[in-house]
Amino acid sequence: MSESEFELGWGEDDEPEQTADTLTVVDAARDEKQKEAQAKRISDESAAAVEEARPGLHKIPDPVEPAGEGELTADEKVRLRECNDGVDLGNTAWFIQGKALDTIAVGRLFRTTPHKLEPERCYATIEEWAEIEKGISVGQCSKLRAAWEIGEVLVARGQQTNPGQVREIVPVRNAHGLNAAVAVYEMVADNAPNGKVTAELLRRMVKLLPGDLELDQGEDVDTVSRTIQGAIVGQAQPETALAVPAIPPAVRRAVDRRAVDLANVLDRGRIPRAEVQRHLLEAFADDTDPTVYEAILARMQRATTS
């Protein structure tokens with residue numbers, strides 16, 4: 001019997017190495033698939049999160065008739081919340097856009113973007129990028145960039161404003177700080193007819209500020225507001241004229257507190273001080289109902305004799 005007849009067929013000497021190599025490849029392939037699956041899962045979760053946060057018309061419920069009278073249903077409450085978010089977005093979108101433009105401008109993040117009309121070069125300025133890429137005019141771009149910081153604070157304080165209005169108080173921010181600009185806006189809001197702030201009213205208020213006005217930029221908005229009002233009153237009253245005392249800060253605060261009570265009774269939002277003053281003057285001048293006139297007369301008589 002030859003030696004070959006006793007060959008047991010265990011294979012070549014290098015077979016174990018080939019088997020190990022095969023297992024290594026299998027393991028690597030399995031790891032790669034796991035990594036791909038994990039990457040896809042992370043990508044899907046990220047996309048879902050972005051979609052959840054992204055504003056859009058598709059997130060606003062379609063108009064439908066009421067489910068009934070009386071209390072809102074659970075579904076209606078959800079619809080109301082979603083619609084409230086959509087309405088609020090209109091008040092904040094402009095300064096979000098302004099901050100985005102400012103961030104792009106300051107960091108020159110447009111510098112490697114090929115010009116859409118002249119691909120051989122990149123954009124040179126934020127104004128050029130915004131106009132060509134986003135359809136935002138040069139003037140609007142400048143206005144949004146200058147106003148966004150003030151707008152963000154005003155909206156956080158319950159004011160509804162727009163970049164056209166805020167543009168009028170940007171010089172105040174530049175000269176005296178952010179709190180001074182906010183104070184000027186709120187002074188106008190408190191005294192505007194029917195509480196309606198306009199760019200023209202803000203422009204007039206800015207013109208009233210003394211040229212030598214000095215403010216501490218570390219002071220809060222209310223303190224800055226009192227300083228500005230005192231400076232305006234002091235400037236408006238020549239020494240030879242009869243001094244008309246300004247409304248004391250304590251009285252203004254008390255009026256504001258009472259205005260809140262009034263808003264609660266009337267089931268309204270914030271009632272401007274100017275509206276309260278208008279109704280007070282109308283009631284004082286009302287010949288058919290002397291209640292307010294007599295109350296003021298009595299107060300003045302007591303002040304005279306005290």
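A quick note: this is a predicted structure, and the numbers were derived from the prediction, not measured. In this chain, residues are counted from 1 in sequence order.
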Any side-chain donor near an acceptor of the partner, [X] and [Y], under 3.5 Å:
{"X": "D220", "Y": "T223", "value": "yes"}
{"X": "W94", "Y": "N162", "value": "no"}
{"X": "E168", "Y": "Y185", "value": "no"}

Does this structure show an ion pair linking R121 with E118, if we count only N-O contacts that are shorter than 4.0 Å?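 Salt bridge between R121 and E118, a charged N being under 4.0 Å from a carboxylate O: yes.
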So that I can tick it off, tell me whether R203 and E200 are bridged by a salt bridge, with the cut-off set at under 4.0 angstrom between side-chain N and carboxylate O.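 Yes, this pair counts.
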Short side-chain to backbone donor-acceptor contact, [X] and [Y], under 3.5 Å:
{"X": "Q159", "Y": "E186", "result": "no"}
{"X": "T103", "Y": "K99", "result": "yes"}
{"X": "N179", "Y": "E219", "result": "yes"}

Using the side-chain contact (heavy atoms from CB on, under 4.5 Å) rule, take F284 and E282 through it: C-alpha gap first, then chi angles, then the decisive distance, then the call. CA-CA 5 Å; F284 174 76; E282 289 174 350; over 6 Å; no
Search all heavy atoms of [X] against all heavy atoms of [Y] and return the closest pair with its distance.
{"X": "V197", "Y": "A189", "value": "CG2-CA, 3.5 Å"}
{"X": "V138", "Y": "E127", "value": "CG1-CG, 3.9 Å"}
{"X": "I169", "Y": "A181", "value": "CD1-O, 3.4 Å"}
{"X": "A105", "Y": "R145", "value": "CB-CZ, 3.4 Å"}
{"X": "A146", "Y": "V170", "value": "O-CG2, 3.7 Å"}
{"X": "A199", "Y": "Q165", "value": "N-CG, 4.2 Å"}

Given the rule that I, L, V, M, F, W and Y join up when any side-chain heavy atoms are under 4.5 Å apart, are [X] and [Y] in one cluster?
{"X": "V78", "Y": "L72", "value": "no"}
{"X": "V276", "Y": "L281", "value": "no"}
{"X": "L262", "Y": "V292", "value": "no"}
{"X": "V106", "Y": "W129", "value": "no"}

Step by step, would you call T198 with L201 a side-chain contact (heavy atoms from CB on, under 4.5 Å)? CA-CA 5 Å; T198 65; L201 289 175; 3.3 Å; yes
Rounded to the nearest 0.5 Å, what's the gap from [atom1] on [X] to [atom2] on [Y]? Could you check?
{"X": "Y123", "Y": "L117", "atom1": "OH", "atom2": "CG", "answer": "6.5 Å"}
{"X": "Y293", "Y": "D287", "atom1": "OH", "atom2": "CG", "answer": "10.0 Å"}
{"X": "D75", "Y": "L80", "atom1": "CG", "atom2": "CG", "answer": "11.5 Å"}

Can you list the steps and then say if C122 with R111 is a side-chain contact (heavy atoms from CB on, under 4.5 Å)? CA-CA 6 Å; C122 296; R111 65 184 183 273; 6.0 Å; no
Do L144 and Q140 come close enough that some side-chain heavy atom pair is under 4.5 Å? yes
I want to check something: taking the side chain as every heavy atom from C-beta on, are R226 and D222 in contact at a cut-off of under 4.5 Å? yes
Verdict with reasoning, V182 to R157, per side-chain contact (heavy atoms from CB on, under 4.5 Å): CA-CA 9 Å; V182 172; R157 290 174 66 89; 3.8 Å; yes
Counting neighbours of CD on E65 that are heavy atoms of other residues, nucleotides or ligands and sit closer than 6.0 Å, is the number greater than 12?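 No - once you tally the heavy atoms of other residues, nucleotides and ligands closer than 6.0 Å, there are 12 at most.
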Side chain to side chain donor-acceptor pair (under 3.5 Å) for D289 and T291? Distances and angles first, verdict last. CA-CA 6 Å; D289 183 359; T291 304; 2.6 Å; yes
Working for salt bridge (charged side-chain N to carboxylate O under 4.0 Å, His left out), residues E149 and R173: CA-CA 10 Å; E149 187 178 19; R173 191 273 310 275; 3.4 Å; yes
